[in-house]
Structures are given as structure tokens and as C-alpha cells.
Amino acid sequence: MDTRLPSALSSTLSHVLRPSTSLPAFTADHQPLMNPGTSPPPVDLQQHIYNSLLESRTADVALHVRGTWQAIYKLHKVVLIQSGFFNSLFTTGFRESSPGPSGSLSAQQDINMVFDDRNITRAGTVCISRLYGGGPPLHVCPSLIPTKTQPLTPSFSSPSPPPELPKGHHPATPRFLLSLLATAVYLSIPTIACQALSCILSTVGPYTVLPYLRFATGIPIEASDDNEPDAAVGLERIAVLTSPGSSSVSTLTSHDISKAEPQDFLADKLHELVVQKEDPGESDAQSEGEVEDGPCYTPCFDYGAVSNKIGEAAVCWLARWGPDMFAYEEKASSGRDFPISPFAVVPSTRKRAETLPSRPSEEAVVHVPARLPTIWARGGLTSRWIRELISSDTLFLRRKQGIDENEEKDWEMMFSEGIYYANMLVEDIIAISQDISPSTGRQFVPTPVLQAAHWNQSLLRCHITASSTNPSLPSPSPPMRDKELGLCLTTAQILSRLSPSEQQATPDDEKGKVYHPVLQDSSMRLGDSSGLDGASMDQLFEHLSSSSDSKSTRTSEANFFGLKAEHKTALECIASDATGKSRWSPYPPYRFAVEFWDIDALKEKSRLHSHTIWYAGSLFNVYVQVVRKKGAQLGIYLHRQSSVDPIPGPSSPLQPVRERSHNRVPSLPHHIPTSPSSPTIHYSPSIHPPSRSVTPNSALSTSHTSDKAYQSFGNAIPATAPPVAPVQPYRDPRPSVAAYFAVSCMSSTGSSVTRFTSVPDMFSVSQSWGWKSSSLRSDDSSDGIDDGQPKPSGPAPKEVSLRATVLLGVV
């Protein structure tokens, strides 16, 4: 911590404490304590100021605080005005800037401050101490900080007793950090707000994700436990605790905003509302005996862009680690019919759940942490948040804890709208139609939903396989490009389908028809914590509000901090696009996830592939490639796989020799022979300065060469699994297809996501489109790479990987 006093304050206090040179000279019998015109050294002056706080000396203002605690603080205005809040209070014409009761500016002034914000606690006195150039150092427990080798935090992967708190340090618990942030934002102290926000974003993990998400959605922090000090360490004596009661003179509340306040005052950015809220981590069921005679209103504490940034980090973490945590919770709760307590001691001898994402034959090393957080069970995420989380990545899961009518509505919406059944095989749709809920006795997915999906995929197949010269095939719009199918509609065309009378009537099938947006070129990073150092409060809010390159992609609780899948009804399409030029598709995009291990061992220009999927008559996969032409960069590309060439083996964690079996053969991807003809442009609008690279087509010359490209190589890393060819119900006969796509790359710890989107591009056979970015490389590469060459010391743990989700739609 920098304990230097701000230069303006140091200069002011030096002038105040400097003896006046106009006084008569002292005689020899009365020597002055210091020579005229000199001042104490800056370090001594700073300590003098801090001691004035600790000893409550020469105070000129007494703050009577009421909120989650009640106390009196004797402080100094000349120090407090470093805060934007107190600067406005004491210098911009408020009553508090007037002389005291005695008519003298030197008299101590009593001011009552009422903090309605329950997130502001006594621990927030650290903010005041920082203004005085002191206060205790903050200690963030290392077990709460995820690392690249232990992305689920050290406390989760290898539980151990918490380390001893360094003497004189204050424990920076998640609750304390949230309170510190709330206090710093309210008092408008940007340096402390940035420090608190950086610590919060760096400690997103299994034990903190739900408290942080609750905070982001306006839910007050919970009461402190017995192990957390009420007051900041070393600052216990600066407050005179008082009993409940009223005080004198002027009273300020946390929602008072005067017309005399300047426009850039922090309170203009904050909104304290009393609205009906839903806790994302609160049980949906009412407690027994609770009377439901009206809506339940709870206070909401919103901090604008700061809350949204924390929400982004929380949902990014859930998107990456949610399935893993679900597997852990299922393993720990097997044989039980009640949820796990967040701090329950769970025996580690239970049989490992089959859904646990791990390598085969690792039963001996997989364990359930003794302190397993509750995320999916009741007491964790609500059904509303689970609905949106599952709808974003097509994950099927359900809580086995009885029927709750409020939850059932969310489950019905999730199974009806959140899953894109039109992209499934007919056999899968038939199987899903036979799944009956043991809780309700009804189908998980209503039959009309599955029938509509089957009809939808049949229409798409007809468009793809039919001849472009067939006049009997209806086309909703003329192709915008020669090689497009003409599936999309503009907003103006959707509007033309609705007559004026229909727009005013009850929604019918046409008005309620669902459309999916055709993406545009963009890049954004959710949960990004860069650029916070040295920012002012205005810059802090401006930076957090402009983390994306499009206003339409700004995140908030309304779109679940960027997690919500985007699709709209016909009327919503019209309402959201005043220009009428946006393009929409009636066919849902295909969504799939990919994962890559041991990227650090990948040689330059070598490719590491994902599994291969079939969609709309074509095969697609994703590969990563290290590029060092302009510094170390990692490229991630969507590739249209040839249906006649062998399928590449997907990336896999390296299996130890003693655990190897016939179903996993590690191999080193060989550099695919290339042809100098037909160059493919890889469009790379990364979050760093956009760059373009030209790489040749990856079409293979002969079948023999293809076999050699994916041959296994013993113990080499990165390893690949045997290739698996997906079922192909039909083939798209066209040599080129047009498709829009998006790739969302998750950080190694899961607290941020880099999302790239692309307008429809032409995919020829064996052609790739994608992006390369140094941010992807720096986020997931090891510290041992310093000269541009990989130096793997061995295979990384299975949790250390690059995960990405892909969205793909033909037009």
C-alpha cells in the first residue's frame, strides 16, 4: 500500500502547520521548536495526521453514523474532502459547508449520517483510514484465489487449514470486500473502489460465486460470522459506539440528493430502489407457516456498472464450472433426499458419479471436498437462474427434491424454449418424447414442442437439399448473396407480414413466432478486470460501461449479465429494431462446446482439433493453433470438415500409462499438408487491435496423407482421442455454405469470457474462419513460455484446459 500523502493535501497541511514568519523573533530564553519557514518531513507529517485520527485530536467534524451499526467518528474536514462525497458536502453550498453553531469555522460540527445501504458496515472505516494515509494492510486468503493449476481454488482441490493471519492485517473476506466496495463507491473514493473490485474479481470461485452474484443483483450481504472482526484491525478505538437514538443538527441519509449537487456527483450514478427482487441463490420455496398475502418487497442496492461487472464474472464462472459443480453435488448427495449444506462435511469414500467430467480410471484421485458449496440444489441458484443457465448451453439437469409449483413454471419454460430440439436427430426427439417427469407424471417436453421442432428441421433439410432452380420451393426472402439459401428475414419483412389490425390484436401464431438474430462482427469480454488501476470514479464507471464494442451488448441483470440466449418473437423483433434492417432467422442455431488440453505443448502451426459435429448437412469442428508471427497469439477457428477425409482425433487429457486402455490413444497432431492455392482469410477482430492473417486451405491431397496426419505418437502431448464420426442424416451438396457463428472462450479460472461473433461467411470444404488473439494466449498459457517456444514439463491436470462454446447458424 502506498502510504504517501496526496501532494495537494501535504502542501495544504504543511502550510497550516508552518510557523508564521511575521511573528516577532524569539529571544535566546525562548528558542522556537523549529526554524521559521520549515516544515516536518513528509513521512512525519503523514504519521502526525494518521495519529490525529487514531487519537481523535483537533477534530473539526463529528460524524454520527447510523446504519448496520451506530457510532460517532471525530474527523477532519481537510482530510475528508479527498473523498468525492465529502468534497461535495463541505465545499459546494450544502448546509454542512456553513459555519458551526458558534459561528466559527473552527468549531466542531456535528453531522448525522444514516446509511440505508445494508452493505455499508463498520469495516468500511478502512476507507476513512486510507484518506489519512494509514489503516491495516488487507490479507486475501490464498486459498480463495484460483490459479491456472488449481482453477477451482486451492481450498477446493486440496483442503487444508487456513493460514495464520499476518499480524496487523485485516482479513479481506468476500463479505468484507463487498462492504468495502459499497462504502468506497458511496463515498466516491476510486482508488479503494478499484482495489476492492480487483480483489473481488480475482477471488471468484466455488465458495464465492453465489455471494457475489447475490450482491450483483442487489441482495444485501449476509451477517458476519464469529470469525470475522466487526471493526477493522487497529481501528477499533476511532469509533465511539452509541446506543439507538436520535442525534442533533443535520441528518444525511444514503438517498439524499439535493438540487445543489453537481451533475458528476457519484449519487447520480447510484440507484437505491425498493422493488420486488429474486435472490439468485435463495430457495424458491416459502418457509413453513409463511402467509402469502401479498408481494414480498426487499431492498435492492444497485451500484450500476460495478454491480454488472461482478455479475459478469459470476455468470462466466457458472457457465464454465457449473456442470463440474453439478457432478460434485450429485456425488456428495447420492443416497440423500435433501440438499447439502454449504459447509457440510461430506465423506470422500462415496462412489464417484458417472457424470463427473474426468479422465477414465481416476477413481483413486477424485474426491469430494469437505466443504462443498451448494449451487444447483435448493438453497443455491433459483429455478429462474438455472433456467437461463441451462438454456444458454443446452445442459439437461433437474433437482430431485420434490415438486415446487413456482419451479415447475421455470422448468416448463426451460424445456419448451431453452433447448433447440430442431438440431437433434429424429431418434433423439422420439426418445425425449418418452421421458416422463417422476415429479409431475407429465412429459418433460410437451409433444407440440417436439412436433414443431421436427417440422422445422424438415423444412431446413428441404431448403438445403432441393435444387436452387426448383420453383415449387417457397423462399421467404430473396438471397442477399448468391450462395445463401434465403432463409433470413429483415425486420421490415417481418413487419410486412403483420397487418395493422393484427398488431393491435391478441398475439397469434405469426406474431408469436420466434426468430433468432443473425450475428454481426463484434468482440467483447465479459468479466474483464483490466484497466482499473489509477482510474477516477467517472472513469471507473465509463470503463466498466464500455467493455464491449456495441451498446446493444451491454450487460445487466435484465439479460442475466450477458448469459441470456438471444431470441425474440416477431413483435419483439419489430420493437427492438427501428431501422428495419436487422436480419433474423426462423431456424435456431446449433450450439456445442469444445475443450482443449495441454495447449502449451502445441507446436507452431500445428492444429489441435475438437470433436466433430454434424449440422445442416455439413461437418464442422474447431481447432486451435499457436501463431508467433506478431508475438505469441492463440488462434481459434471454426472449420468445415470434408466428409470424405478422415475425421481428426479430438483433444484429450493425457492418460497416465498405468491407466491407458484401448479407448484412449494419445497422439500428437501432425502438421496438416497444405496447398498454396485457394487462400483462406481468417478474420481476427480480437479485443486487441484487429489483425488479419492469410493461411492456406487445409485440404488434404490423398487419403494416405490424411491417415498419417492423425497417427498416434505414444506418450506425446498434447494428446488426442480416437476420432468419432457423427451420424449424417443427409449431406449438403453445395461446395460452399454461408453461416454466421460465435465463439465464446472461457478464461482458465472461469471468471471472464471472451466472445467473438461473425457475420455470415462462406465456408468452402476444408475452409476455416476464426480469430487469433494474444489475450487468449496470455490467459491460458503457462508462465514458463518466455521465448516463444513451448516448454511443457508434463501434462496439466484435467481441470486446466481451454473451454469454449460455439454458436453456428446457416443462412
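The residues of the chain are indexed from 1 along the displayed sequence.
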task = Answer yes or no: is there a side-chain heavy-atom contact under 4.5 Å between Leu634 and Val627?
result = no
query = Tell me, do Pro588 and His567 make a side-chain contact under 4.5 Å, heavy atoms counted?
reply = no
request  = Could you grab the distance from atom CG of Asn559 to atom CG of Leu563, nearest 0.5 Å is fine?
outcome  = 9.0 Å
query = What's the spacing between Tyr590 OH and Tyr420 OH if we round to 0.5 Å?
reply = 13.5 Å
task = State whether the side chain of Arg497 and the backbone N or O of Lys511 hold a donor-acceptor pair below 3.5 Å, judged by distance alone.
result = no
query = Which heavy atom in Pro718 sits nearest to a heavy atom in Trp597, and how many Å separate them?
reply = CB-O, 3.7 Å
query = Side-chain contact, heavy-atom cut-off 4.5 Å: Glu412 with Arg442?
reply = yes
inquiry  = Can you confirm whether Leu485 sits close enough to Arg734 that some side-chain heavy atom of one is under 4.5 Å from a side-chain heavy atom of the other?
reply    = yes
ask   = Salt bridge check: are Arg461 and Asp732 linked by an N-O gap of less than 4.0 Å?
value = no
CA sep, side-chain torsions, deciding dist, call: Ile386, Asp410, side chain to side chain contact (heavy atoms under 4.5 Å, CB included) = CA-CA 9 Å; Ile386 291 178; Asp410 285 316; over 6 Å; no
remark   = Correct closest heavy-atom pair for Ile636 and Val743 would be CD1-CG1, 3.8 Å
remark   = When rounded to the nearest 0.5 Å, the distance separating CE of Met414 from OG of Ser391 is 6.5 Å
message = Are Tyr421 and Phe415 an aromatic pair, judged by ring center distance below 6.0 Å?
response = no
request  = Take Ser642 and Ser766 through the side-chain hydrogen bond (donor to acceptor under 3.5 Å, both in side chains) test and state the conclusion after the steps.
outcome  = CA-CA 6 Å; Ser642 170; Ser766 299; 4.8 Å; no
request  = Determine the minimum heavy-atom distance between Ser416 and Val449, stating which atoms define it.
outcome  = O-CG1, 3.7 Å
inquiry  = Return the CG to CG distance between Leu498 and Leu571, rounded to the nearest 0.5 Å.
reply    = 6.0 Å
key: Close aromatic pair by centroid cut-off 6.0 Å: Tyr740 and His516   = no
Side-chain touch Arg803/Arg320, heavy atoms, less than 4.5 angstrom = yes
task = Output the distance between atom CG (Asp600) and atom CD1 (Ile717), rounded to the nearest 0.5 Å.
result = 9.0 Å
task = State, with a plain yes or no, whether a side-chain heavy atom of Ser582 is found less than 4.5 Å away from one of Thr490.
result = no
query = Do Pro648 and Asn621 have side chains that get closer than 4.5 Å, going by heavy atoms?
reply = yes
query = Will you find, in the side chains of Ser801 and Glu595, an N or O donor that is under 3.5 Å from an N or O acceptor?
reply = yes
query = Going by atom types alone, do Tyr623 and Ser768 pair a side-chain donor with an acceptor below 3.5 Å?
reply = yes
ask   = What pair of heavy atoms forms the shortest contact from Pro151 to Trp321, and how long is it?
value = CB-CZ2, 3.5 Å
ask   = With distance as the sole test, does Asp598 use its side chain to make a donor-acceptor pair with the main-chain N or O of Ala601 at under 3.5 Å?
value = no
inquiry  = Can a donor-acceptor pair be found, under 3.5 Å and without considering hydrogens, that links the side chain of Gln625 to the backbone of Gly635?
reply    = no
inquiry  = Run the side chain to side chain contact (heavy atoms under 4.5 Å, CB included) test on Glu572 and Thr569 for me, step by step, so that the C-alpha distance in whole Å, both residues' side-chain angles and the decisive distance to 0.1 Å come before the verdict.
reply    = CA-CA 5 Å; Glu572 291 172 338; Thr569 62; 3.2 Å; yes
request  = Hey, could you give me the CG/SG distance between Leu489 and Cys573, rounded to the nearest 0.5 Å?
outcome  = 9.5 Å
request  = Report the C-alpha separation of Ser576 and Lys568 in whole Å, then their side-chain angles, then the decisive distance to 0.1 Å, and conclude whether the side chain to side chain contact (heavy atoms under 4.5 Å, CB included) test is met.
outcome  = CA-CA 9 Å; Ser576 63; Lys568 300 180 184 294; 3.7 Å; yes
query = Is there a donor-acceptor pair under 3.5 Å between the side chain of Asn456 and the backbone N or O of Leu460?
reply = no
Donor on one side chain, acceptor on other, Thr447 and Gln451, under 3.5 Å = no
key: Phe741-Trp769 aromatic ring centre distance below 6.0 Å   = no
request  = Of all the heavy-atom pairs spanning Phe756 and Ser523, show the shortest one and how long it is.
outcome  = CD2-CB, 3.7 Å
ask   = For Arg731 and Ser643, does a side-chain donor sit closer than 3.5 Å to a side-chain acceptor?
value = yes
ask   = Between Thr491 and Trp584, is any pair of side-chain heavy atoms under 4.5 Å apart?
value = yes
task = With side chain to side chain contact (heavy atoms under 4.5 Å, CB included) as the test, would you mind laying out the steps for Lys564 and Glu566 before giving the verdict?
result = CA-CA 6 Å; Lys564 186 178 180 66; Glu566 189 175 2; over 6 Å; no
Donor-acceptor under 3.5 Å (Glu312 side chain, Leu526 main chain) = no
task = Examine Trp614 together with Tyr730 and report whether their ring centres are nearer than 6.0 Å.
result = yes
query = Under 3.5 Å, is there a donor-acceptor pair linking the side chains of Ser752 and Arg525?
reply = yes
key: side-chain contact (heavy atoms from CB on, under 4.5 Å) partner of Leu487, chosen from Val811, Leu459, Val810   = Val810
ask   = Is it the case that Ser736 and Ser764 place a side-chain donor and acceptor less than 3.5 Å from each other?
value = yes
task = Please name the pair of heavy atoms, one in Ala422 and one in Gln457, separated by the smallest distance, quoted to 0.1 Å.
result = O-NE2, 2.9 Å
